[in-house]
*Asks:* 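I have a structure I would like to understand better, so I am pasting it below and will then ask my questions one at a time.
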Amino acid sequence: MSKQISLLSAGALVVALYAAPGLTHDPQEHEAESTTPECAAIANIDASKVDSNDPVMQAILQKCQTATHDDDSDNDEHQDEEHSEEHSADESHHDASAQSATHGSH
Amino acid sequence: MRYLGVLLLLGGVAVLGVGGFVYSGWYQIGADVPHTAAVSWVLETLRERAVSRAAKDISVPPLDDAQLLIAGGPDYNEMCASCHLKPGRTESDLSVGLYPAPPDLTSHEHVDADEEGDVEAAAQRQFWIIKHGIKASGMPAWGPTHDDERIWAMVAFLQKLPELSEVQYQILTARGAGESAHSH
């Protein structure tokens, strides 16, 4: 009798383990999604086939123009920073050379 | 006179019976057990009639506007999509677990027009429900923390929602780095 109960319990456990994934879901579903418009997905749209009076397409194009502009601004700022760093490095190098030259002239 | 007495007696018994049942705690109140057909009918009729009456005089502004879609998209995604779904999703924890089940707003059936096919009445109802919420349904009132302009932007967005692809939805609802996050 106890052997039958053990077998039944084991069977129920196996069924439960197989059934559980059907009741639950992947925790990744709760992860936050990207907050950046993924405009690359519409980059290949034929502009001549777009209805310019469609507010959905107007909104998408405006949103992507803004996003592209923001990206360009970020890149420009990044380039400016790099340029500035290079410039500072040059100035430091120049100062060091000048000091060295001055030191050498003594 | 005799009939009136009988009616009063029956009325009294009915009131005592309903009151006794309410007080007994025997009603299945869990959200995973549906109401009986009679209770469902009463509650749904109460809700539909009350919303229709309250929303019928609301003036609907022009909603076919790209700026409204840009404004309403991120709010819908942050405030509504977890219950009312989005393109590519057929269910969520909340759409499955809430009772009554929140309507799937990616479906034309729940967005385009009211039960009588009136498109403007649908927009009036959507605005009223977003602003005031619905008691004991899980639908909150967003009016105390969001102005009418912002609520109309959400109405404009959800009117376009059934025709959006997943890609279009992602672009319209993404709150870019330069845009302010949702605040109450």
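Order of the sequence lines sets the chain letters (A, B, ...), proteins ahead of strands, with each chain counted from 1.
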*Asks:* Quick check: is B:Y99 connected to B:L105 through a chain of hydrophobic side chains (ILVMFWY, heavy atoms under 4.5 Å apart)?
*Replies:* no
*Asks:* Flag yes if B:Y169 and B:L158 sit in one hydrophobic cluster, no otherwise; membership is Ile, Leu, Val, Met, Phe, Trp, Tyr, and two members link when side-chain heavy atoms are under 4.5 Å apart.
*Replies:* yes
*Asks:* Nearest 0.5 Å please: distance from the CD atom of A:Q62 over to the CD1 atom of B:I171.
*Replies:* 13.0 Å
*Asks:* Taking all atoms of both residues into account, what is the closest heavy-atom pair of A:P55 and B:A66, and its distance?
*Replies:* O-CB, 3.6 Å
*Asks:* Do B:L85 and B:L98 share a hydrophobic cluster, counting only Ile, Leu, Val, Met, Phe, Trp and Tyr and linking them when any side-chain heavy atoms are less than 4.5 Å apart?
*Replies:* no
*Asks:* What pair of heavy atoms forms the shortest contact from B:A174 to A:P37, and how long is it?
*Replies:* CB-N, 3.5 Å
*Asks:* Measure the CD1-OG distance between A:I60 and B:S165 for me, rounded to the nearest 0.5 Å.
*Replies:* 6.5 Å
*Asks:* Taking all non-hydrogen atoms of both residues into account, name the closest pair between B:Q168 and A:M57 and its distance.
*Replies:* NE2-SD, 4.0 Å
*Asks:* Are B:M139 and B:L94 connected in a single hydrophobic cluster, I mean Ile/Leu/Val/Met/Phe/Trp/Tyr linked by side-chain heavy atoms less than 4.5 Å apart?
*Replies:* no
*Asks:* Drop me the distance from A:Q58's CD to B:I70's CD1, to the nearest 0.5 angstrom.
*Replies:* 9.0 Å
*Asks:* Give every residue pair that meets the side-chain hydrogen bond (donor to acceptor under 3.5 Å, both in side chains) criterion with at least one member in residues 154-163 of chain B, sequence neighbours excluded.
*Replies:* B:D64-B:K160, B:Q126-B:Q159
*Asks:* Tell me, for B:L164 versus chain A, whether the close heavy atoms (under 4.5 Å) come from the side chain, the backbone, both or neither.
*Replies:* side chain
*Asks:* Under the 4.5 Å side-chain heavy-atom rule for ILVMFWY, direct or indirect, which residues accompany B:W26?
*Replies:* B:F21, B:Y27, B:I29, B:V39, B:L43
*Asks:* Rounded to the nearest 0.5 Å, what's the gap from OG1 on A:T36 to CZ on B:R175? Could you check?
*Replies:* 13.0 Å
